[in-house]
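Values reported hereafter were calculated over all heavy atoms of this structure, with side chains retained and with hydrogens, waters and symmetry mates removed. Letters A, B, ... are given to chains in the order of the sequence lines, protein chains preceding strands, and every chain is numbered from 1.
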There are 2 protein chains.
Amino acid sequence: MVNEEELNVEQRIIEAAADVFEEKGFAGARMQQIADHAGINKSLLHYYFRSKELLFEKIFMIVAKRAFGKSVLTLEKEGTVFEKIEKFFEIHQDLLWKNRNFPIFFINEVNQNPELIRKLLEKIEPSEQLKNFIVQFEEEKKAGLVRKDVDPVHLLINMISLSIFPYLGKPILKEVMVTVDVNYEEFLVKHRASIAQFVINSIKN
Amino acid sequence: MVNEEELNVEQRIIEAAADVFEEKGFAGARMQQIADHAGINKSLLHYYFRSKELLFEKIFMIVAKRAFGKSVLTLEKEGTVFEKIEKFFEIHQDLLWKNRNFPIFFINEVNQNPELIRKLLEKIEPSEQLKNFIVQFEEEKKAGLVRKDVDPVHLLINMISLSIFPYLGKPILKEVMVTVDVNYEEFLVKHRASIAQFVINSIKN
DNA sequence: TGTATCTTTGACCAATTGGTTAAACTAATT
DNA sequence: AATTAGTTTAACCAATTGGTCAAAGATACA
């Protein structure tokens, strides 16, 4: 049960629903389970949120905003491209660490219902920061700091790939790693410490 | 409906179930929908496969074997590390192209039920190829061909990340890309052509 | 042709699921 | 204390879902 006395009922429902939806997904989640988890009667869910669909949409947006932080693509305003890359991984990895279960949930639900991400993008607008980064990258390319053959859009997506996949693939990596005596948690820590350098090595002139 | 006359009933069920399960996941899939898709009576599903759980397990294994090809980590026996990296991406990207819907399905189902991957790993044993690659990598490191600070396990997982994420993130990338006028399909083609170089740049001395 | 076996179907079932409702409870206002 | 509005509950409901079963159709074999 979720913080029985501390939060008001609506908040308790939100926390419980977030837990259950993140764990089971929309199709696998049960209203009764959410009610039990929140320590309330199932009717209260409908009293506060009308239907499973509406409750889910609300929770999806709340959880997504938490997990994305201030922006989909937190890129600092100051510094060189290399510094921004390092800072990006720091922030991104922190958010992932705090929202381990979110990536799989998010990708799966958006896959089932692409409308969700359209609604989300209205609230979190990434294109501004994105465009700024691209402009700056092209400038530093001209200045000879980064390789000429690197496309900033591909670079950004490679960075996201490297950052997120260890969390997306957790259930698989965990199992495969035991067969070769590698510890998943230790891997995560070392991965976090090495990806920025991996990317910078690849693009610097 | 799946190849109404060409295949026998069992095969038709398998193809239909694969389609529906891959699209909706275990929890979201409906036996009736699978039956309709296969053009048969729902009872036949139980006649051939007893229960939804058993049908799913069968389909999961079939689909996984198809998608993984000969091995989880197809790494060539001959050639330098750089050649193996290039070859890996070729094979891996081909498999992904042919099984676009598989990655999200796979990650989600394994997340819901980790037992699945344990059963799968009994059939597809990746650790042999993996160990060979690691040994060779350390040799080429000593020979000065690759950077001293690169860990082969992390390298392999980075390679898988870069290869798979554009497919895992398809629903998200697609929507985000339209907001900055990038075409997802074109992105995929260019990505495929550039990742091997991205990785090699990062590790070569 | 008869019969035994395998396949296929429609009708049906019990359990689960999201959702409703009316009544009971609570707390503030007068 | 009485009234009112908001909150919570238990009982209930209709639809859906996975699954069963007996009978009807095929198919092969004697």
Side-chain angles (χ1 to χ4, degrees), chain A residues 1-63 105 108-109 112-113 115-116, chain B residues 1-63 105 108-109 112-113 115-116:
Chain A
M1 281 182 276
V2 179
N3 298 329
E4 198 70 354
E5 294 307 323
E6 311 248 336
L7 300 125
N8 66 39
V9 176
E10 196 171 335
Q11 276 301 317
R12 262 168 47 212
I13 293 176
I14 287 174
E15 296 309 319
D19 285 352
V20 175
F21 278 134
E22 268 193 289
E23 191 189 326
K24 307 274 187 173
F26 175 78
R30 298 288 164 251
M31 293 296 268
Q32 187 61 60
Q33 195 186 350
I34 294 171
D36 292 348
H37 200 327
I40 53 152
N41 186 288
K42 181 166 68 87
S43 304
L44 263 194
L45 297 182
H46 294 96
Y47 178 74
Y48 280 97
F49 298 94
R50 297 189 64 93
S51 70
K52 190 185 181 186
E53 270 82 8
L54 288 174
L55 174 58
F56 176 81
E57 238 181 78
K58 193 103 185 190
I59 265 62
F60 179 84
M61 293 302 162
I62 291 171
V63 168
F105 164 77
N108 197 53
E109 296 305 329
Q112 294 297 323
N113 178 10
E115 190 59 32
L116 288 171
Chain B
M1 282 187 269
V2 179
N3 299 327
E4 197 70 351
E5 296 305 323
E6 311 246 337
L7 300 126
N8 66 37
V9 176
E10 197 171 334
Q11 276 302 317
R12 259 167 51 210
I13 293 176
I14 287 173
E15 297 308 322
D19 285 352
V20 175
F21 279 134
E22 269 195 288
E23 192 189 325
K24 307 273 188 173
F26 175 77
R30 298 288 166 252
M31 294 296 268
Q32 187 61 59
Q33 195 186 349
I34 294 171
D36 293 347
H37 200 327
I40 53 155
N41 187 290
K42 181 167 67 90
S43 303
L44 262 194
L45 296 181
H46 295 96
Y47 178 74
Y48 280 96
F49 297 94
R50 296 190 65 92
S51 72
K52 189 185 181 186
E53 270 82 8
L54 288 173
L55 174 59
F56 176 80
E57 240 184 75
K58 194 104 184 188
I59 266 62
F60 179 85
M61 292 303 163
I62 290 171
V63 168
F105 164 77
N108 198 52
E109 296 305 329
Q112 293 298 322
N113 178 10
E115 189 59 32
L116 288 170

Practice problem: Answer yes if the side chains of A:Gln32 and A:Asp36 hold a donor-acceptor pair under 3.5 Å, and no otherwise. | Solution: yes
Quiz item: Does a side-chain N or O from B:Arg30 land closer than 4.0 Å to OP1 or OP2 of D:dT16, or not?
Solution: no
Quiz prompt | Integer-rounded Å distance: D:dC12 C1' and A:Gln32 CD | solution = 14 Å
Quiz item: Per the atom types in the model, does the base of C:dG10 pair as donor or acceptor with the side chain of B:Ser43 at under 3.5 Å?
Solution: yes
Exercise. Ignoring the backbone of B:Tyr47, work out which of C:dT9, C:dT8, D:dG19 is nearest its side chain.
Key: C:dT8
Exercise. Taking all non-hydrogen atoms of both residues into account, name the closest pair between B:Leu44 and B:Ile13 and its distance.
Key: O-CD1, 4.2 Å
Quiz item: Across the strands shown, which category fits B:Ala29 at heavy-atom distances under 4.0 angstrom: base, sugar-phosphate, nothing?
Solution: sugar-phosphate
Exercise. Whole angstrom is fine here: how far is it from CZ in A:Phe49 over to C1' in D:dT7?
Key: 14 Å
Exercise. Could you check how far CG of A:Leu55 sits from P of C:dT17, rounded to whole Å?
Key: 16 Å
Quiz item: If you look at every heavy atom in A:Ile34 and A:Ala16, which pair is closest and at what distance?
Solution: O-CB, 3.7 Å
Exercise. Check whether NZ of the Lys or CZ of the Arg A:Lys52 lies under 6.0 Å from the centre of the six-membered ring of A:Phe26 and within 45 degrees of that ring's axis.
Key: yes
Quiz item: Which one, C:dG19, D:dT7, D:dG18, comes nearest to the side chain of B:Lys52?
Solution: D:dG18
Exercise. Can you tell me the distance, in whole Å, between the CD1 atom of A:Ile40 and the P atom of D:dA10?
Key: 12 Å
Quiz prompt | Rounded distance in Å - NE2 (A:His46) to P (D:dC12) | solution = 19 Å
Quiz prompt | Between C:dT20 (P) and A:Leu44 (CG): distance, integer Å | solution = 14 Å
Quiz prompt | Length of the line joining A:Lys24:NZ and C:dT17:P, which is rounded to integer Å | solution = 11 Å
Quiz item: Is the shortest side-chain N/O distance from A:Tyr48 to OP1 or OP2 of D:dT8 below 4.0 Å?
Solution: yes
Quiz item: Can you list the steps and then say if A:Glu23 with B:Gln112 is a side-chain contact (heavy atoms from CB on, under 4.5 Å)?
Solution: CA-CA 8 Å; A:Glu23 191 189 326; B:Gln112 293 298 322; 5.8 Å; no
Quiz prompt | D:dG19 base / B:Lys42 side chain donor-acceptor hit below 3.5 Å | solution = yes
Exercise. Can you tell me the distance, in whole Å, between the CE atom of A:Met31 and the C1' atom of C:dT20?
Key: 13 Å
Practice problem: Please determine, for the side chain of A:Asn41, which listed nucleotide (D:dG19, C:dG19, D:dT9) has the closest atom? | Solution: D:dT9
